[in-house]
Amino acid sequence: MKVRKIPFIFIIALLYFIFSFTLIYLKWKAHTPSLDYHAYVQMYWNTANGDIMQYNRGSEAQYSLFSAHFAPFLLLIFPFYLVVKHVLTLYFVWLFIISLSVIPLYFFSLDKLKSKLSAYLISLSFLVYFPFLWTHYHGFAEESLATPLLFFAFLFLDRKKPWLYLIFSILTLSLRINMMLPVFLLGLYAIFKNKARSQGIFICLLSVFWLYFILNVIYPKYTDPGNRFYIYGFFGGYGNNPKEVIINMISHPSNLISTFISKQKLVFDLFGPVLFLPFLAPGILLIGLPILVVNMLASYPRLSNSWTYYQSSSLPFIWLALVVTLERIGRLWEFLIKKFKLKLNLKKDIVVNFFIFIILVTNLIIDIYSPNGQYLLFSSFFNLRKYETNFRDNLAHKILYSIPKTNSVATQHSYLEHTAERKWQFPNENFSGYAVDILLLDTWASSLDFKPVLADEPYTKILDDSFFFLYARNDLVKEYSIKEFTETAYKNYNKDFEYLVTSKPEFNYTSYSGIESSLDIEISDRYELAQKLDIEKENPRTLVIPLEKSHISGPNDLLKFYKKRVSNLKVEILEGADFNTDAKIVYSKIYASDKINHKTTTLYANLSDIKFDSSKVYWLKLSLDRNKKKESEIFNKFTIHLTDSKKQMETDVSNIPGNLYYSLDGGKEWRLDSYPGKDFAYSIIYGKFGNRTFIGKGTPANLKTQLEKLLKNNSDYKLVVVVGSITEKL
Amino acid sequence: MKDNVSKNKIYYGVALHWVIILLFLAVFFLIFWKLSPPVKPIENKVKLLIEISPKSVDTDTSNIIAVKLKVENPTNISYPSEDYFYRVVVNRSYPDSPGFIIKEFSKTLELKSRFESEFLWKEEYLPSDKKLKFWIHFNMYKRDKNNEPKIMSADTKVLYEPSL
């Protein structure tokens, strides 16, 4: 049997897919938010439940995606979600299709340059071309798929496979309304280049009809009467409808020119890495240019940013034009050799490859030395913090997936992708006044959009652990003794429905120095910290310290693998009026640096063995254990967080000296006035060591079993909070 | 002769391609032309009515609000209490948006029947922020096992309106 050899470019595409999906998976697991993905997951969830492409856009109403973007392509790949109902399914399919981009580019390069090496070098250069990376690493949008689809459409047109060209053109149209522009122009190209004239005419007509259909059927149907169409907002600076926009553009040409010039960075970002060579093949480049011009003229600034997906439909034509330019350079070289009878032993392949090599190196330099390359492991701007996970991520996961999907949830952007599979979800920043069922807050979420629950809001805190705060709306909260719930009360709840429950161990109480982060400072071989501990009750059992390992220089510590980092974090608790003179060490522990990563983690100091005396003063001291053996070794640093002192918050008097001492010279001289009004962020848990708040979900019968087991194993759990309404029988 | 056969094959192949594509596009546009708007209208087959007294509340004082509910079933279908239930919800938006539940109950609604219910509610929900408008909704839902219950009918009144 003859085995057909698979071209290596397929392996490259597969490897790229594995790399990109792994990166996205790690980011998702680390609760690093991506732009808009949560909204698309919610659309798929709602579609699976009968509401086609609906999402609540962070508001109290449901919208269809079609009111903003007519993207039937998403319905085409929706069956994958039905087969594997997972939050990451959409990312998986989407990245797989995007990874295929390199295949048509390779074959087109091979057709034109007749050299496998050139085709591979072009393909590799494209995979490190930062505008392409930003189409799919920054966030999710169906428009990113324009890159592979248009690459395929062009390749099939060029290879005289008109039906495949036609199919890929239709698929591209199904991404978004603006895709009609490159698809229409590609149709014109097909007509004028006599490649697939009848299909080209058909595609041109279809593009125009597609535009007409969206503007006259889809948008009016999905937009409330009186409101302007969503897409007109992109040009809101010019007017509210196409007529006003066009009149304003024509009547104010100077504004238009100045807007265009102000966005010239995009031109350098897109064409700089390819040495502006595509301009030498204007026939192809012109297909992708008009949409760039439209983006640069738009009022919405993100449209002209290279760190988005809006240029996805231009990228294929930039790179196809580059390949044609390189082919022309090769031909020109041969012509010159012949014409001037030069005796140079330099074949055209070498000349072409020289140019491609320069392009590859240029792209690599951009990736390594500028933030443009921050999604690549070898970039000095690759930020480990976005991909690392620690105990707090596991805890977040446990809390997030304990909330039944029938509960509406508000939380920070970091967690929205994990709460998306439900009808209602809200970013915490929009929270005020919303009657959401559950609210999850995290002081140290990577998205930083912490907004505390105000005292007059009708919410009850049902869990706090390691600076996570879970609230439920008062009308849904009912507290029972576990015995009462498991014997009788569980029967009051709907037997088919899932409910969230939490159970706090008896005497369990947590105090916080503050819950909002206000400043970051470092503990290093030079800087140390001492903080007076505010012990509110007897028998504190655990001190919780949020901190993270600092980067050595720049965000990517992976590049400094050859440098040995030494020294760990020393945590001490001192007893005495003055920690620096007469204090006694009552607790001391070294926390290994490899157990702390670059994102906020929480250290737990067991205080159970310390005999605290309420008449005495206690201090927390943080420093490094300095044990450098060689000069080449470098000291670790740890970033710690400060919070506004409770004292200051209560009295609102500025410049009150706090209880935080900071030494700038390795503990030789301590200063109290370095951070007035600030406290080191920490919390103290009171109660028995090892007891945490229990959180679970299930049907009433299932909860009964879980809680009976809990009660049997630990008698400290006595009360349970059940979140959900009870139906009274009239 | 052979050439003619192959030309005919090509001709029919091309024609078939066009037919398939045109048919596909015709069905595609027809589906999206016919697709109903996104927000499903509430059926309101069962007539609900909510009345509150006083008719609007003051956020500065503690309010006791008398809520009167009327349910009328003009249909020939009965709605058993195991499958259907009612909620009185307060929020600043639509009947099916998340809201503060002030009462939830079930009662079998026989065909062509009606019932009324009254209760007092001590208002404890409206925030001191007086800029928001609040509504009170009386909704009827159909249970759907462990899925979100489906809203069947609703009636809405203004609970609090900020003064300009």
inquiry  = Quick check for you: among B/Tyr86, B/Phe85, B/Phe115, B/Phe29, which has the greatest number of heavy-atom pairs under 4.5 Å with chain A?
reply    = B/Phe29

task = Please state whether the side chain, the backbone, both or neither of A/Phe213 comes within less than 4.5 Å of a heavy atom of chain B.
result = side chain

query = Counting distance only, does the side-chain N/O of A/Ser408 pair as donor-acceptor with the main-chain N or O of B/Pro98 below 3.5 Å?
reply = no

task = Count the heavy atoms belonging to other residues, nucleotides or ligands that lie under 6.0 Å from NZ of A/Lys161, then report whether that count exceeds 12.
result = no

query = Which region of B/Ser81, side chain (C-beta onward) or backbone (N, CA, C, O), has a non-hydrogen atom less than 4.5 Å from a non-hydrogen atom of chain A, or is it both or neither?
reply = neither

note = So CG of B/Leu35 and CD1 of A/Ile52: to nearest 0.5 Å the spacing works out to 5.0 Å

ask   = Do A/Arg473 side-chain atoms and B/Gly99 backbone N/O form a donor-acceptor pair below 3.5 Å?
value = yes

key: Main-chain N/O of A/Glu498 paired with B/Asn146 side-chain donor or acceptor, under 3.5 Å   = yes

inquiry  = Distance check, rounded to the nearest 0.5 Å: A/Glu60 atom CD versus B/Ser97 atom OG?
reply    = 6.0 Å

ask   = Does a donor on one side chain and an acceptor on the other come within less than 3.5 Å for A/Thr727 and B/Glu104?
value = yes

query = With a 4.5 angstrom heavy-atom cut-off, which part of A/Leu75 approaches chain B: side chain, backbone, both or neither?
reply = side chain

query = Checking A/Ser198 against chain B: side chain, backbone, both or neither under 4.5 Å from a heavy atom?
reply = both

key: pair B/Trp18-A/Leu166: side-chain heavy atoms closer than 4.5 Å   = yes

request  = Provide the full list of salt bridge (Lys or Arg N to Asp or Glu O under 4.0 Å) pairs with a residue in residues 195-204 of chain A, sequence neighbours left out, each pair given once.
outcome  = A/Asp158-A/Lys195

Heavy atoms from other residues, nucleotides or ligands near CZ of B/Phe119 exceed 12 (cutoff 6.0 Å) = yes

task = Identify which part of B/Ser117 has an atom lying under 4.5 Å from any heavy atom of chain A, answering side chain, backbone, both or neither.
result = side chain

ask   = Under 4.5 Å between any side-chain heavy atoms of B/Phe28 and A/Ile170, yes or no?
value = no

query = Can you check whether A/Asn494 reaches B/Arg143 side chain to side chain, under 4.5 Å on heavy atoms?
reply = yes

Heavy-atom pair of closest approach, residues B/Tyr94 and A/Ala61 = CE1-CB, 3.5 Å

message = Between B/Ile101 and A/Leu476, is there a side-chain heavy-atom distance shorter than 4.5 Å?
response = yes

Contact check, side chains of A/Pro162 and B/His17, non-hydrogen atoms, under 4.5 Å = no

inquiry  = Filter on salt bridge (Lys or Arg N to Asp or Glu O under 4.0 Å), then keep only pairs touching residues 721-730 of chain A, sequence neighbours left out; what's left?
reply    = A/Glu728-B/Lys103

request  = Check whether any side-chain heavy atom of B/Ile20 sits under 4.5 Å from a side-chain heavy atom of A/Trp163, and report yes or no.
outcome  = no

query = Is there a side-chain contact between B/Asp96 and A/Lys423, using heavy atoms and a 4.5 Å cut-off?
reply = yes

Part of B/Leu25 lying under 4.5 Å from any heavy atom of chain A = side chain

ask   = Relative to chain B, which of A/Lys405, A/Arg422, A/Met53, A/Gln199 shows the most heavy atom pairs under 4.5 Å?
value = A/Gln199

inquiry  = Is the shortest side-chain heavy-atom distance between A/Ile218 and B/Phe32 below 4.5 Å?
reply    = yes

